[in-house]
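Since the structure comes first, as structure tokens, the remarks are kept for the end.
Side chains are part of it too, since the values below use all heavy atoms of this structure and drop only hydrogens, waters and symmetry mates. Just so it is clear, the model here is predicted, and its values are computed rather than measured. Note on naming: letters A, B, ... go to the chains in the order of the sequence lines (proteins, then strands), and numbering restarts at 1 for each one.
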Amino acid sequence: MEKKREVVSEALKAEEKLKSVWLILTPEGELHPIEEFSFNGYERLKKFADYEIKKSRAVDQEPPHIALMRSLELVDHEPASDPGNMRYYPKGRLVKSLLEEYVSNMVHEYGGMEVETPIMYDLEHPTLANYLNRFPARQYTVESDEDRYFLRFAACFGGFLMSHDATISYRNLPMRLYELTRYSFRREQAGELAGLRRLRAFTMPDVHAFCRDLKQAKKEFKRRFKLCRDALKGIGLEEEDYELGLRVTEEFYKKNKAFIHSIVRTFGKPALVEMWRERFFYFILKYEFNFVDALDKASALSTDQIDVENGERYGIVYMDDTGRLKHPLILHCSPSGAIERVIYALLETAYMDMKKNIAPKLPLWLSPTQIRLIPVSDSFEGEALKILRQIERRRIRVDLDDRGETVQKKIRDAEKEWVPYIIVYGEKEVAAERLPVRVRGEEKIRYMSLKELISEVKNNVKGKPFKPLPLPLRLQQRPRFVG
RNA sequence: GCCCCGGUAGCUCAGUGGUCGGAGCGGCAGCCUUGUAAGUUGUUGGUCGCGGGUUCAAAUCCCGCCCGGGGCUCCA
């Protein structure tokens, strides 16, 4: 059968010719050519810069998160689909959906209006075709009778088309439109796919802010910068876990130095700057928070950009206070980056801890099982269940290892599952006021009252979404999805 | 997409042309009633990734394809 030509955008072809200069911008506002900057104390930034510029990736290992995503029964490849399309087991679906809800909640607080739009669009649509050619990505195409469609690579299409049809006043700006895309599709080259790091189908929180002018855009940009940092922090990724990359045109930098410097000052660490002599993409300024993994590879999480083209391209207009129609500037932001990539970053971080002899774990609010009860023998199951019900009522994910295994085996399995709190329940506990709690990462058993335990957990997960246990309460009743 | 490596039981892997293809873990069935990282016995389990070819004979050699990983490229 004849192979159809793939849809490759003009931007992708033209990108090869793109020339840029690499610099380091410090929080003090000093701009250094990269070769003159001393990276002492900024090892991760160096790794990020090397990754971006030298493209040095002398690694021949599989990324550690791949084994973890499977052994923890979170995510797996689906061989019957296209590469880069994953299956999520119950625990993985739980983790993912908690992250989705968390980021969405933050966007709602920020003022985002959540919408939902189609995942596929007419390849012949003039505006869309035009945009495709400004965006360096490969698309999936879908045939339906005589028509050809492409699968969206981001929420932009639906959001922009919707905004085109909306009646917008300058009073409505900045207008914040949010969609959690499940999925965004990018037909990455086969050799580029890697675990949860680079996929062909991924979940992207995408919030656009339509702004009146550059002044408003800059103000909004700063708000969102904070939103991004807060999102990652809440997820469990601290400032030291990622590096700031800025991409900017020379002209925009020169005219907006104070603004750009203030962003890096807020960030508090030197940033890698890629400066383009001419505007090449549809944006004039963009940043990403780049996570550096266990194999020194960098990938973008949170990102935001100032788009100066698509307001016009999509015919999006607002009525100005002078009664004139104008095109807004559009900010494109993903506060966390792709959800799959967040999971990748969490797993890689856990692996790096493991290498430092720190017990690897997920943040408590994301742990599929938060507390596990292990009855010493089946005669204590009834009493253990009473405790369990009390914990469960407080909206904490608790389960019961009722398998006919030894206590030691059950503890070992719970540790392998990264269960944060493990309680062995037997003769001594029936009458006791305090429970022996094996806390992950601590050497000694901690004796706590049920009340203390519950309040410690509740305190730790405060402000985070909750979902119930994604599997049967009793381990005996659970199927095994991997191994 | 190109180059390199890999694909053998649900999982991790051993087996490189010649008896019926193996181990550990898991699953299942017993026994053990367990006190903080693997109790014990038995048993189940495989189109050797898929298709074609070479050969008296293929998991093993050759070709094509699929899937995974790495490199190149790419990462909005």
Output all residues satisfying salt bridge (charged side-chain N to carboxylate O under 4.0 Å, His left out) with A:Lys386, sequence neighbours left out; order by chain, then residue number.
->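 Only A:Glu383 meet the salt bridge (charged side-chain N to carboxylate O under 4.0 Å, His left out) criterion with A:Lys386.
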By salt bridge (charged side-chain N to carboxylate O under 4.0 Å, His left out) - contacts of A:Arg403 (at least two apart) =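 With sequence neighbours excluded, A:Arg403 shows a salt bridge (charged side-chain N to carboxylate O under 4.0 Å, His left out) to A:Asp401, A:Asp413, given in chain and number order.
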How would you list, by chain and number, every residue that makes a side-chain hydrogen bond (donor to acceptor under 3.5 Å, both in side chains) with A:Glu405, sequence neighbours excluded?
-> none
Counterpart residues, side-chain hydrogen bond (donor to acceptor under 3.5 Å, both in side chains), relative to A:Ser302 (two or more places apart) | none
The contact string for nucleotides 33-43 of chain B, one letter per nucleotide 5' to 3', using protein heavy atoms under 4.0 Å with B, S and - for base, sugar-phosphate only and none, comes out as BBBBBBB----
Protein heavy-atom contacts under 4.0 Å, written 5' to 3' over nucleotides 3-14 of chain B as B (base), S (sugar-phosphate only) or - (none), form the string -------BSS--
Applying ring pair (Phe, Tyr, Trp, His ring centres under 6.0 Å), name anything that partners [X], two or more places apart in sequence or on another chain.
| X | result |
| --- | --- |
| A:Phe160 | A:His208, A:Tyr314, A:His332 |
| A:Phe267 | A:Phe289 |
| A:Tyr253 | A:His261 |
| A:Tyr89 | A:Phe481 |

Pairs involving residues 419-430 of chain A, ordered by first then second residue, that meet side chain to side chain donor-acceptor pair (under 3.5 Å) (sequence neighbours left out) = A:Tyr421-A:Glu456
Every protein N/O within reach of nucleotides 45-50 of chain B N/O, cut-off under 3.5 Å:
none

